[in-house]
Protein chains: 2
Amino acid sequence: MNEQPKGEGQPRRRVRADAQRSIDTLLAAAAEVFASSGVDAPVREITARAGVGAGTLYRHFPQRADLIAAVFRREVDACADAAASLAAEHEPVDALAGWLRRFTGFIATKRGLSAALHSGDPAYDSLPAYFDERFVPVLGGLLDTAARTGRIRADIDPKDLLRAVANVTLPAQDDDGHTERVLALLVDGLRYGASRAS
Amino acid sequence: MNEQPKGEGQPRRRVRADAQRSIDTLLAAAAEVFASSGVDAPVREITARAGVGAGTLYRHFPQRADLIAAVFRREVDACADAAASLAAEHEPVDALAGWLRRFTGFIATKRGLSAALHSGDPAYDSLPAYFDERFVPVLGGLLDTAARTGRIRADIDPKDLLRAVANVTLPAQDDDGHTERVLALLVDGLRYGASRAS
DNA sequence: TGCGAAGCGGAACGGTGTTCCGTAACATCT
DNA sequence: AGATGTTACGGAACACCGTTCCGCTTCGCA
């Protein structure tokens with residue numbers, strides 16, 4: 001549950017108790033603030049909610065981006081882990097569609113983050129990699145299992161589908177079922193040509 | 001070619017000559033700066049290039065967002081107008097695919113703008129409407145014509161497809177053909193079920 | 001319990017978007 | 001053309017934000 005940012009080689013120094021407390025408080029406060037005010041919320045709003053000074057934040061997260069990244073990773077993990085139970089409880093194609101929907105929900109809370117990702121800030125460099133690292137195997141597994149039923153084509157790169165769904169979902173502002181319909185269109189695209197190729 | 005921002009009811013007052021000069025210079029400078037440094041470029045960079053003071057900019061574009069919106073509209077028009085010649089020179093389905101590709105190129109230059117659009121700034125409120133107002137009829141026409149050949153399904157809402165393509169294209173950072181492939185997937189989705197319905 | 005190191009708060013810094021206002025340029029009427 | 005009221009101009013000043021700095025406190029170990 002705890003977290004030590006910037007874990008270079010090994011964490012050679014023990015984390016002092018008050019420092020760990022600050023880190024936890026900051027991550028919790030940041031998650032709340034990001035959820036309610038978006039990732040562009042002023043840093044002072046986070047430090048105020050956490051009841052710490054600005055210096056404390058920057059000691060543990062040298063760049064504002066590092067804090068965002070830390071919060072992000074936690075939520076990526078939660079979404080990726082959801083795939084296992086879906087696969088256990090549903091038919092392959094349903095599990096695939098279901099997880100895509102779950103993934104859609106995850107992405108929907110990330111408004112404003114895509115902008116940050118493409119800002120060129122090197123602090124975000126590791127995020128897309130982590131995103132792929134966790135999600136590509138998950139979606140790849142669902143896709144393979146579904147393809148083996150023959151009801152879905154087998155020539156889809158998980159990474160492509162992942163990005164497509166994410167990109168379609170992220171900017172959906174006044175979503176009156178738009179995301180649902182496009183997701184359905186993509187799944188139809190998957191079904192098209194299910195008969196050819198292996 | 002000229003432009004008078006904020007045209008409320010009627011433009012009841014003539015625009016003074018020096019003011020029109022400032023507006024034109026600012027729009028030109030802004031277009032260049034946005035293209036080279038993105039929409040997040042400092043205002044002072046634009047005023048410097050235009051050779052005007054900050055007060056002049058804010059007199060004509062009360063919010064930074066108003067300037068962005070004005071530049072944006074010009075380029076929307078250019079892209080929408082491209083559809084006519086495509087429709088005249090290609091088969092319906094090719095014209096459709098061709099314009100989607102052209103549209104893709106337009107969107108690709110708008111990185112960072114999507115972030116602005118979803119920032120909640122009321123100054124951008126009219127942009128999506130203008131975007132739809134210009135593009136939906138254009139894509140709708142291409143879609144109808146293509147559907148009448150029977151090689152494309154007829155139950156697609158132009159607005160859905162428009163947003164889907166835009167959303168897929170906008171965040172494409174390291175595009176190694178990703179956009180192309182997803183676009184193809186969407187067009188396959190259009191072909192799927194072309195036989196059923198009218 | 002004493003002491004060096006790590007952590008803490010918050011004032012201060014540099015840079016940004018935006019406002020303000022004295023001055024200059026324009027359009028109109030005589 | 002000259003006078004005059006209105007509109008626009010430039011750039012210094014303001015408010016806010018991310019980030020840095022540093023004197024003081026707290027922690028962990030012997």
Side-chain angles (χ1 to χ4, degrees), chain A residues 2-6 8 11-27 29-30 33-34 37-70 112 115-116 119-124, chain B residues 2-6 8 11-27 29-30 33-34 37-70 112 115-116 119-124:
Chain A
N2 289 353
E3 206 134 335
Q4 309 172 18
K6 288 276 148 193
E8 323 241 353
R12 59 191 83 261
R13 282 196 194 287
R14 273 208 37 164
V15 184
R16 240 173 68 170
D18 53 351
Q20 187 64 58
R21 218 177 309 133
S22 293
I23 292 172
D24 292 341
T25 310
L26 276 169
L27 282 175
V33 170
F34 289 161
S37 309
V39 285
D40 290 330
V43 167
R44 288 179 231 275
E45 189 178 336
I46 297 170
T47 57
R49 179 182 285 255
V52 306
T56 302
L57 191 161
Y58 280 92
R59 163 164 290 268
H60 301 298
F61 305 96
Q63 306 275 356
R64 170 203 180 71
D66 296 322
L67 175 61
I68 295 174
S119 66
D121 189 325
Y124 293 119
Chain B
N2 290 349
E3 206 135 337
Q4 308 171 18
K6 286 280 154 193
E8 322 241 353
R12 61 192 78 264
R13 284 198 190 288
R14 275 209 36 164
V15 184
R16 241 173 66 172
D18 53 349
Q20 186 63 58
R21 219 179 306 134
S22 292
I23 291 172
D24 291 342
T25 312
L26 276 168
L27 281 175
V33 170
F34 289 161
S37 309
V39 285
D40 290 330
V43 167
R44 289 180 229 277
E45 189 179 336
I46 298 170
T47 57
R49 179 182 285 254
V52 306
T56 302
L57 192 160
Y58 280 93
R59 161 164 290 267
H60 300 298
F61 305 97
Q63 306 276 354
R64 168 202 182 73
D66 295 322
L67 175 61
I68 295 175
S119 66
D121 188 324
Y124 293 119

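Proteins get letters first, then strands, A, B, ... in listed order; numbering begins at 1 in each. Atom set for the values below is all heavy atoms of this structure, side chains included, hydrogens, waters and symmetry mates excluded.
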Item to check | Nucleotide nearest B:T56 (side chain, heavy atoms from C-beta), chosen from C:dG17, D:dG10, C:dT19 | outcome: D:dG10

Item to check | Residue-phosphate contact under 4.0 Å: A:R59 side-chain N/O, C:dG7 OP1/OP2 | outcome: yes

Checklist entry - Looking at C:dC8, C:dT18, C:dA27, which one has an atom nearest to any side-chain atom of B:A54? => result C:dT18

Next on the checklist: Using whole Å, what does the distance between atom P of nucleotide C:dG17 and atom CG of B:L67 come to?
Outcome noted: 11 Å

Item to check | side-chain contact (heavy atoms from CB on, under 4.5 Å) between A:Y58 and A:V43, intermediate numbers included | outcome: CA-CA 10 Å; A:Y58 280 92; A:V43 167; 3.8 Å; yes

Checklist entry - For DNA chain D, whose closest nucleotide is more 5', that of A:G55 or that of A:R44? => result A:R44

Next on the checklist: Check this one for me: any side-chain N or O of A:S22 less than 4.0 Å away from OP1 or OP2 of C:dC8?
Outcome noted: yes

Next on the checklist: With a cut-off of less than 4.0 Å, is there a side-chain N or O of B:Q63 near OP1 or OP2 of C:dT18?
Outcome noted: yes

Checklist entry - If you look at every strand shown and take non-hydrogen atoms under 4.0 Å, does B:A19 touch a base, only sugar-phosphate, or nothing? => result sugar-phosphate

Checklist entry - Can you check the A:E45 CD to D:dG18 P distance for me, whole Å? => result 10 Å

Next on the checklist: Can you measure A:H60 atom NE2 to D:dT19 atom P for me and round it to whole angstrom units?
Outcome noted: 16 Å

Checklist entry - CD1 of A:I23 versus P of C:dA6: gap in Å, rounded? => result 15 Å

Next on the checklist: Determine whether a donor-acceptor pair (N or O, by modelled atom type, separation under 3.5 Å) exists between the side chain of A:T56 and the backbone of A:V52.
Outcome noted: no

Checklist entry - How long is the line joining CG of B:L57 and C1' of C:dT18, in whole Å? => result 10 Å

Checklist entry - Looking at the side chain of A:V43, which of C:dT16, C:dT19, D:dG18 is the nearest nucleotide? => result D:dG18

Item to check | Sugar-phosphate, base or nothing in reach of B:A48, heavy atoms under 4.0 Å | outcome: nothing

Checklist entry - Do A:R16 side-chain and C:dA6 base share a donor-acceptor contact under 3.5 Å? => result yes

Checklist entry - Just how far, in rounded Å, is P of D:dC9 from CG of B:D24? => result 12 Å

Next on the checklist: Given 3.5 Å as the limit, does a donor-acceptor pair link the side chain of A:D24 with the main chain of A:R21, or not?
Outcome noted: no

Checklist entry - Reckon B:A41 touches a base, only the sugar-phosphate, or nothing at all at heavy-atom distances under 4.0 Å? => result sugar-phosphate

Checklist entry - Step by step, would you call B:V39 with B:V33 a side-chain contact (heavy atoms from CB on, under 4.5 Å)? => result CA-CA 8 Å; B:V39 285; B:V33 170; over 6 Å; no

Next on the checklist: Please report the distance, rounded to the nearest Å, between CZ in A:F61 and P in D:dT20.
Outcome noted: 15 Å

Item to check | B:R49 CZ to B:E45 CD distance, which is reported to the nearest 0.5 Å | outcome: 7.0 Å

Checklist entry - Side chain of A:T47, backbone of A:R44: donor and acceptor closer than 3.5 Å? => result yes

Next on the checklist: Quick check on DNA chain C: between B:R21 and B:R64, whose nearest nucleotide comes earlier from the 5' end?
Outcome noted: B:R64

Item to check | For atom CD1 of B:I46 and atom C1' of C:dT16, their distance in whole Å | outcome: 13 Å

Checklist entry - Should B:Y58 be listed as having a side-chain N or O under 4.0 Å from OP1 or OP2 of C:dT18? => result yes

